[in-house]
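From a predicted model like this one, the values you see are computed outputs, not experimental measurements. In each ligand, atom 1 is the first atom listed, and ligand 1 is the first ligand listed.
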Amino acid sequence: MENNKELRKWLDDFELNHPLVIAGPCSAETEEQVLKIAHQLKQTDTTVLRAGIWKPRTRPGNFEGVGALGLKWLQKAKQETGLLTTTEVANPHHVELALQHDVDILWIGARTTVSPFIVQDIADALRGTDKTVLVKNPVNPDLSLWLGAVERFYTADIKKLGVIHRGFSTYEKTRYRNNPEWQIAIDLQNKFPDLPIILDPSHIAGRRDIIFDLCQTALDLNYDGLMVETHYDPDNAWSDAAQQITPETLDQITKDLRIRKVTDDAAEFKNKLSTMRTQIDVIDHQLIDILGKRMKIADEIGALKKSKNVAVLQTKRWNEILGKMILQGEEKNLSEEFILRVFKAIHQESINHQEKVING
Ligand code: PEP
Ligand code: MN
């Protein structure tokens with residue numbers, strides 16, 4: 001697959017003066033629910049109505065979607081409101097049913113993207129259609145796997161493509177349900193600048209209060225759209241209740257977001273600069289995160305040394321570390337002086353942490 005403007009033609013054809021908004025409930029629940037939310041979303045910037053029909057649940061025994069019946073509700077919602085529709089397909093049978101019910105955009109779920117066999121089966125089932133396919137990132141932070149799935153559709157002659165960034169699983173609990181790992185999406189954008197990228201803040205956040213900030217970061221990084229789980233009664237949603245927002249909140253969010261549009265050279269310059277600044281912000285956050293992790297281990301070492309009555313400062317080990325870091329720094333074009341200064345500061349903070357543990 002090559003980067004080319006063809007990749008984003010389907011999106012440009014909407015001629016929107018704002019990011020593409022895909023909104024709707026995590027799951028279709030009842031006909032009334034789908035129709036009601038569709039009419040409410042029609043009053044917002046929403047272009048595409050989303051609703052999960054088949055739900056991949058982590059553990060059995062939870063609501064697993066209403067199944068094919070829900071496709072009729074989506075079709076009716078489209079007829080009544082003119083909104084386009086999208087749902088997740090996870091096997092060729094889903095594709096067949098979605099095609100029968102005239103679903104406009106199909107998305108590939110994070111748990112499907114990890115499996116090349118299934119992705120290939122879905123791509124083969126779509127060959128010869130002119131559907132738009134949006135590929136969610138795989139659950140694991142692997143850019144090649146994500147791009148590999150996109151390529152399987154491209155090779156099956158599906159040229160209306162895009163990706164959805166929904167965050168990545170981690171064992172460690174963080175403030176996110178799924179870690180954004182913005183760097184992966186930035187790398188993807190750098191490789192395929194014309195492949196539309198849409199943020200799904202709902203599955204990254206897992207909660208309502210940080211949806212706005214995630215959307216703003218995405219727009220600052222030049223994302224093309226947002227897919228936001230929206231329900232008129234979020235607390236009583238049958239799935240993902242904690243992260244869904246009301247259509248009113250969605251409307252407020254899209255009004256409050258700072259949208260950057262390229263209009264002339266000066267604007268383009270500012271746009272590029274601002275994108276790069278956001279990229280730096282992302283990396284700075286990672287730096288703090290990593291330093292925090294390092295100090296946590298220093299605390300544990302402090303506790304261990306305390307239990308064995310060992311001295312905090314181990315000069316031999318420290319000199320070894322420094323030597324290695326200077327060599328590694330050279331490979332990245334970082335001066336010896338800089339590495340020395342940075343690591344002295346890190347080392348000092350580590351010692352302070354250990355001493356605090358040891359001396360209470
Ligand atoms: C969803 O969009 O409701 C969903 C199940 O998404 P994901 O594949 O990102 O978990
Ligand atoms: Mn969901």
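Of all protein heavy atoms, the one closest to atom 3 (O) of ligand 1 is Lys55 NZ, 2.8 Å. For atom 4 (C) of ligand 1, the nearest protein heavy atom (residue, atom name, distance) is His203 NE2, 3.5 Å. For atom 6 (O) of ligand 1, the closest heavy atom belonging to the protein is Lys136 NZ, 2.9 Å.
Listed by number with element, the atoms of ligand 1 under 4.0 angstrom from any heavy atom of Arg111 are 7 (P), 8 (O), 10 (O). Each of the following atoms of ligand 1 lies closer than 4.0 Å to a heavy atom of Cys26: 3 (O). The contact set between ligand 1 and Gly109, taken as ligand atoms under 4.0 Å from a residue heavy atom, comprises 8 (O).
Using a 4.5 Å heavy-atom threshold, the side chains of Lys136 and Trp107 count as touching. Using a 4.5 Å heavy-atom threshold, the side chains of Thr44 and Thr254 count as separate.
Between SG of Cys26 and NE2 of His203, the angle at the Mn ion (ligand 2) works out to 170°, rounded to 10 degrees.
Within the 4.0 Å heavy-atom criterion, neither part of Met227 lies near ligand 1.
No side-chain donor-acceptor contact under 3.5 Å links Thr278 and Thr275. Remark: the His94 side chain and the Glu88 side chain contain no N/O donor-acceptor pair separated by less than 3.5 Å. No hydrogens or angles considered: nothing links the side chains of Asp240 and Gln244 as a donor-acceptor pair under 3.5 Å.
Taking the centre and axis of the six-membered ring of Tyr154, the NZ or CZ atom of Lys159 falls inside the cone set by 45° and 6.0 Å.
Checking Arg50, Glu88, Glu229, Arg166 against atom 2 (O) of ligand 1, the nearest heavy atom belongs to Arg50.
Other residues, nucleotides and ligands contribute at most 12 non-hydrogen atoms within 6.0 Å of the CD atom of Gln328.
Note: His165 and Trp182 meet the aromatic proximity criterion, with ring centroids under 6.0 Å apart.
Using 4.0 Å as the threshold, Gly52 has no heavy atom nearer than that to any atom of ligand 1.
Just one residue in the list Val89, Leu99, Asp121 forms a side chain to side chain contact (heavy atoms under 4.5 Å, CB included) with Leu126, and that residue is Leu99.
Nearest N/O/S atom of Asp240 relative to the Mn ion (ligand 2): this is OD2. For Glu229, the N, O or S atom with the smallest separation from the Mn ion (ligand 2) is OE2.
By the 3.5 Å distance cut-off applied to N or O atoms, Ala110 is counted among the residues near ligand 1.
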